[in-house]
Amino acid sequence: MKFLLISRHTNGAEIPENERERNLQEMGEWIALLKPTQAMPIRGGTIITANSIEQYSGDIGGAIVFEADSLHHAVALAKKSPGLKHGFTHEIFPEISLSQAAHEKVSDQA
C-alpha cells in the first residue's frame with residue numbers, strides 16, 4: 001500500500017549547526033528504511049490562487065511516497081525519523097484513487 005509523508009519544519013524547527021552532518025547521515029539511513037518511490041525536498045515553490053502568484057513560504061520541508069503494509073506500519077516507520085527530535089512533524093496519507101476521493105467528498109457532504 002502506498003503512503004504520502006509530508007514533513008513540516010513546524011514553528012521554525014531547525015537542526016543545530018553542530019548536529020547537521022550527523023542528521024544528514026541519520027536522514028539517509030531513515031530514507032533508505034522507507035525505500036521511497038519518490039522523494040522531493042520542498043524549496044523555491046510558488047503558490048497560485050485565482051487572484052495571485054507568490055513565493056511559497058510555508059513550513060513544508062519535503063514529501064516522500066513510500067510503501068508500507070498498513071497505516072500502522074507507515075506510522076511506525078515515520079516515528080523513526082531523525083527530524084522528530086528537532087521539532088519536525090510528519091503527516092501520513094494513504095493512497096486512494098481519484099474516483100474514491102470524489103466519491104468520499106460527495107458522501108461527506110450528504
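All values below come from the heavy atoms of this structure, side chains included, with hydrogens, waters and symmetry mates left out. The residues of the chain are indexed from 1 along the displayed sequence.
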Where [X] and [Y] come nearest, the two heavy atoms and their spacing:
X     : Y     : answer
Ser81 : His90 : OG-NE2, 2.7 Å
Pro36 : Phe66 : CA-CB, 4.1 Å
Pro94 : Phe3  : CA-CD2, 3.6 Å
Ser52 : Glu54 : OG-OE1, 3.8 Å
Thr46 : Gln55 : OG1-OE1, 4.4 Å
Ile42 : Ala63 : CG1-N, 4.4 Å

Roughly how far, to the nearest 0.5 Å, is the [atom2] atom of [Y] from the [atom1] atom of [X]?
X      : Y     : atom1 : atom2 : value
Ile64  : Met40 : CD1   : CE    : 11.5 Å
Leu84  : His86 : CG    : NE2   : 9.5 Å
His72  : Ile92 : NE2   : CD1   : 12.5 Å
Gln100 : Glu95 : CD    : CD    : 9.5 Å
Met1   : Ile96 : CE    : CD1   : 9.5 Å
Ile6   : Asp59 : CD1   : CG    : 10.5 Å

(request) Report, as yes or no, whether the 6.0 Å neighbourhood of atom CZ on Arg20 holds more than 12 heavy atoms from other residues, nucleotides or ligands. (result) yes
(request) Would you indicate whether Glu21, at its atom CD, is surrounded by more than 12 heavy atoms from other residues, nucleotides or ligands within a distance under 6.0 Å? (result) no
(request) Dump the intermediate steps for salt bridge (charged side-chain N to carboxylate O under 4.0 Å, His left out) on Lys85 and Glu19, then the final yes or no. (result) CA-CA 11 Å; Lys85 66 185 170 193; Glu19 296 182 36; 5.8 Å; no
(request) For Arg8 and Gly62, indicate whether the former's side chain and the latter's backbone hold a donor-acceptor pair under 3.5 Å. (result) no
(request) Please identify each residue that fulfils side-chain contact (heavy atoms from CB on, under 4.5 Å) with Met27, with sequence neighbours left out. (result) Asn23, Trp30, Ile31, Pro82
(request) Consider only side-chain heavy atoms of I, L, V, M, F, W and Y, link residues closer than 4.5 Å, and tell whether Val65 and Leu71 are in one cluster. (result) no
(message) For residues Ile60 and Leu5: do they belong to one hydrophobic cluster (side chain heavy atoms under 4.5 Å, members Ile, Leu, Val, Met, Phe, Trp, Tyr)?
(response) no
